[in-house]
Visitor: 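Pasting in a structure now, in structure tokens, and then I'll have a few things to ask.
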Amino acid sequence: MKKPIVFTSEREMPPMAVSLADMGHNRTGSWRYLRPVYREKIAPCKNACPVGNDIPRILSLVSEGRYEDAWRLFRETSPLPGVCGRVCYHPCESFCNRKNFDEALSIASLERFVADACFDLEDRIPERPKRSEKIAIVGSGPAGLTCAYFLAKDGYAVTVFEAASQPGGMLRLGIPPYRLPREVLDREIELIARWGVEFRTNTKIGQDISIEKLWEQHDAVFIATGAHRGRALNIPGEELAIQGLEFLKAVNVGKTIALGKQVLIIGGGNTAMDCARTALRLGAQPVVVYRRTRDEMPAIAEEIEEAEHEGVQFEFLAAPVALRRLNGKLEVQCIRMQLGEPDASGRRRPVPIPGSDFIMRADAVLKAVGEEPELSFLSEHVETSEGIVIERAHGILERAGIFIGGDAQTGPSTVAQAMRSGKETAQAIKSFLRGERKPKPKKLEEALRVNFSYFVHQPRVPMPHMPVAERITNFSETKRAISSERARAEAQRCFSCGVCNSCDNCWVFCPDAAITRIDGTYEVNYDFCKGCGVCAEECPRNVISLVEEEL
Amino acid sequence: MTPTLTGTKKVVTGNHAVSYGAMLARVQVISAYPITPQTQIVELLSEMCANGTLRAKFIKVESEHSAMAALIGAASAGARAFTATSAHGLALMHEMLHWAAGARLPIVMADVNRAMGPPWSVWTDQNDSLSQRDVGWMQVYCESNQEVLDTVIQAYKVAEKVLMPAMLVLDAFVLSHTAEQIEIPNQTLVDQYLPPYQPVYKLDVNDPRSFGALAPPDVYMELRYKMHQAMEEALTEWAKADEEYYELFGRRYGLIEPYRADDADLILVTSGTVTSTAREVIDELRAEGRRVGLLKIRVLRPFPAQLVREALADAQKVAVIDRNISFGMGGIFAQEIKSALYNTHDRPPIFGFVAGLGGRDITPKVIQEIIEYTESHDEPEDLIWVGVKR
């Protein structure tokens with residue numbers, strides 16, 4: 001600091017309280033206890049996406065009409081955008097910040113739009129070093145396909161073993177075509193194959209080839225066989241009921257199944273919904289019998305709604321206790337339930353009401369009370385409970401190079417969760433083969449503080465559906481594509497949470513002129529930033545964080 | 001006056017006269033919040049900004065407090081800044097009015113005199129502006145639309161010379177919404193009269209200084225002394241600015257204006273539009289041979305005490321019409337005049353009349369009654385309520 005100026009008379013003083021000396025030495029930044037830092041954050045949608053799709057950047061590309069770039073960006077993180085745009089339960093939308101402003105972005109329909117718009121595009125496959133390591137993937141469902149894609153991209157020699165005649169696993173066998181048209185699935189599998197992935201179909205593990213053999217012939221093995229064994233009802237006459245999943249598989253591979261008119265479906269999960277809607281399309285009048293109420297149904301809400309719209313009936317708080325055949329019909333003895341205390345899943349437990357038995361009649365009964373992994377090919381090597389591996393310490397899974405994932409590991413879950421597992425396994429296999437430690441997932445800060453003042457309300461673009469009357473007579477896709485105009489308008493609703501788009505707000509609002517613009521980015525001059533936090537407050541997208549100064 | 005640089009004649013309202021004045025003064029930043037009866041002033045200015053007639057930044061704000069704060073920022077950075085408001089809007093600015101004056105920022109503002117609520121009123125009286133008498137702003141009360149326009153330009157001239165903000169005041173509706181023919185001066189001449197503002201000290205990131213920082217007791221009083229000195233200096237500057245204006249545009253108004261007061265026994269003191277009505281009454285009474293005159297107070301701050309003393313020195317009686325009331329005391333112009341005259345010898349008795357509050361008309365008949373009351377009473381009275389239904 002310079003020598004202070006001392007006034008001896010008012011004539012020496014300036015008219016107002018202004019310093020006569022340059023105040024550049026007065027580093028007002030020293031008053032600060034909070035420091036603004038430009039720190040891009042992960043958007044909650046992206047964070048919620050099991051495969052980590054970079055949704056804000058993808059939507060930004062869509063909003064500019066750059067669909068090809070958007071599609072290529074999807075394919076950086078996921079080999080199945082066409083599939084996911086249709087069947088994913090879109091947790092991204094549940095976490096979208098915009099839902100607290102008006103309505104969440106319609107991310108799923110945009111993913112589907114991009115995939116459809118780019119249906120004929122090919123991945124650009126670069127010249128890359130071929131790696132000598134061979135990897136076997138058992139199962140070609142979403143976990144196996146995703147794992148294969150990411151390994152093949154890195155130059156590994158990948159062979160996928162599939163018991164069925166065509167790859168796709170549950171995507172092909174479990175999900176009906178009115179939700180996932182087969183040409184979409186075929187196309188995305190074809191693109192995975194283009195990376196050099198070899199598919200060996202009609203090859204069942206434990207029957208056509210043993211796990212031991214695979215392990216000997218490959219450097220790593222990924223078991224992604226899914227959860228295909230339908231659970232039992234454990235009631236008398238059980239054998240009269242058809243396994244729902246087997247019914248779906250049969251229909252989905254084109255077999256003709258005659259169910260009759262009255263069809264009961266036991267269960268409240270996604271398989272039950274698929275069974276009911278498939279039966280409906282085969283001319284039946286399906287009734288879903290579920291032991292709890294609609295609120296406790298484990299199926300994705302959208303699937304339940306679709307089933308309701310299409311005319312599927314529901315019998316809630318009812319559970320079968322016995323099946324009989326009587327005069328060519330099936331007689332299902334049911335008991336009425338009531339809801340008791342919550343169980344381990346947090347849902348209220350169904351409790352039978354004594355003496356409330358009643359009879360329901362049907363031409364066919366489909367049981368869809370859950371599936372579990374079928375791991376008999378491992379049975380000598382691991383201990384399982386309800387098909388799920390519980391002890392691997394002394395089994396084959398303990399061997400170096402054997403990996404398990406997807407539904408085979410967890411029991412039935414979603415397509416996206418299986419894909420996440422496949423992707424993570426690909427990374428784990430790479431680390432294993434390179435003798436590296438598995439990289440720790442980075443903990444990312446979520447962008448949750450969007451400044452709504454900078455946005456205008458705009459309703460969500462609705463997903464068009466085929467009229468119900470048209471839907472229930474065939475297996476064509478029920479949801480329709482949105483138009484290019486609507487897709488762009490919807491994508492423009494994205495807040496781009498946590499992503500700086502050089503809006504200049506921080507620069508404009510800084511009362512200390514302590515922010516400088518450098519080619520669309522910003523720099524804080526901490527010598528003069530007083531830490532007031534206006535920049536962070538006025539940043540529409542939560543890019544600026546306030547960090548406490550270390551004293 | 002250069003004949004080639006004459007202005008244009010136009011019929012405009014008092015509000016738009018303000019707008020044209022600001023336009024001719026080439027204000028650079030306008031920040032305002034709408035309030036009846038002022039809104040048209042900034043509406044026209046915003047249109048001028050939008051269509052490029054006026055190269056100024058128009059800042060929309062959420063309150064009058066912010067409007068003045070924005071202008072303080074603009075003026076601190078060296079811009080010529082303007083706003084307009086009325087009544088409650090002016091009251092809301094109060095804190096920032098002190099700041100503008102203390103920071104010595106030559107901001108000019110138009111206040112359309114409107115009565116304060118409650119009860120709600122949109123009509124004219126002077127309590128809004130007089131509530132801000134002591135904040136350090138110059139105050140100029142206008143009588144006509146032409147005077148309004150001319151005063152905007154003169155105000156910048158004086159304000160930028162002495163570094164004190166200035167408020168020109170016009171009566172709600174009587175001026176603000178009433179159209180009359182005025183001359184819009186030639187821009188080239190106005191530019192000659194009012195060159196761009198050249199601040200001595202301004203906010204500049206390349207020359208960082210502290211503004212408005214803490215002043216300890218050993219300097220605070222000096223800065224206040226200098227503000228008062230500036231106001232004293234402004235008395236001379238208003239006179240000079242008025243003369244210079246006259247030379248270029250042919251009009252002048254004075255700080256005060258005596259009208260037929262030279263040999264008057266009774267002098268009526270007015271401000272604002274009441275003055276025009278009073279002129280008529282004085283003319284009529286003069287025609288009857290009565291020795292009555294008029295004194296218009298145009299500049300209230302700085303108060304031209306010496307001029308007032310001289311103007312009233314020979315009067316036998318003085319009657320002041322106040323369109324305002326200081327509750328518990330009386331009319332404010334009357335207080336000012338009494339206070340200016342108290343230390344003189346042979347001062348005339350002063351009668352204080354309060355009339356026309358909340359926009360009630362002060363008609364020629366009312367003014368005549370005031371004059372007759374004063375003539376017929378010997379002992380001065382501090383506060384006479386005119387026309388109150390009792």
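Sequence lines set the chain letters: A, B, ... in the order given, protein chains first and strands last, and positions in each chain run from 1. For the numbers below, each heavy atom of this structure counts, side chains included, while hydrogens, waters and symmetry mates do not.
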Visitor: For the pair B:K226 (side chain) and A:P14 (backbone), establish whether a donor and an acceptor sit closer than 3.5 Å, ignoring hydrogens and angles.
Guide: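 Flag not set: sc B:K226 to bb A:P14 has no pair under 3.5 Å.
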
Visitor: Between B:R104 (side chain only) and A:P15 (backbone N and O only), is there a donor and an acceptor less than 3.5 Å apart?
Guide: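 Yes; judged by distance alone, with no hydrogens or angles, the pair exists.
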
Visitor: What option among B:A215, B:S210, B:A103, B:G212 has the most heavy-atom pairs under 4.5 Å with chain A?
Guide: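 Among the listed options, the one with the most contacts to chain A is B:S210.
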
Visitor: Measure from the side-chain N and O atoms of B:R209 to the backbone N and O of A:S19, and report whether any donor-acceptor pair falls under 3.5 Å.
Guide: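 Checked: pair present.
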
Visitor: Step through the shown structure and confirm whether more than 12 heavy atoms of other residues, nucleotides or ligands are within 6.0 Å of OH on A:Y454.
Guide: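 Yes - once you tally the heavy atoms of other residues, nucleotides and ligands closer than 6.0 Å, there are more than 12.
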
Visitor: Quick one: do A:L20 and B:Y201 satisfy side chain to side chain contact (heavy atoms under 4.5 Å, CB included)? Show the steps, please.
Guide: CA-CA 9 Å; A:L20 295 180; B:Y201 303 100; 3.5 Å; yes

Visitor: With a 4.5 angstrom heavy-atom cut-off, could you sort out which part of B:F211 is near chain A: side chain, backbone, both or neither?
Guide: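 Both parts, backbone and side chain.
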
Visitor: So does A:F528 have more than 12 non-hydrogen atoms from other groups sitting under 6.0 Å from CZ?
Guide: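 Enclosed.
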
Visitor: More than 12 foreign heavy atoms under 6.0 Å from OH of B:Y220: is that the case here?
Guide: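 Check fails, neighbour count at 12 or below.
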
Visitor: Check each atom of B:V219 against the heavy atoms of chain A and say whether the ones under 4.5 Å are side chain, backbone, both or neither.
Guide: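 Contact with chain A involves both backbone and side-chain atoms of B:V219.
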
Visitor: Give a yes or no on whether A:R449 atom CZ has more than 12 heavy-atom contacts from other residues, nucleotides or ligands under 6.0 Å away.
Guide: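 At most 12 heavy atoms, drawn from other residues, nucleotides or ligands, come within 6.0 Å of this atom.
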
Visitor: I'd like to know whether CD of A:E523 has more than 12 heavy-atom contacts from other residues, nucleotides or ligands below 6.0 angstrom.
Guide: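 It does not: A:E523 CD has 12 such atoms or fewer within range.
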
Visitor: If you round to the nearest 0.5 Å, how far is CZ of A:R11 from CD of B:E222?
Guide: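 Answer for the CD-CZ pair, B:E222 versus A:R11, is 11.5 Å.
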
Visitor: Distance from A:M13 atom CE to B:L223 atom CG, nearest 0.5 Å?
Guide: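 Spacing of CE (A:M13) from CG (B:L223) equals 3.5 Å.
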
Visitor: Using a cut-off of 6.0 Å, state whether more than 12 heavy atoms not belonging to A:K99 lie near its atom NZ.
Guide: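 Yes.
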
Visitor: Rounded to the nearest 0.5 Å, what's the gap from CD on A:E10 to CD on B:Q229? Could you check?
Guide: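 If I round to the nearest 0.5 Å, the distance is 6.5 Å.
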
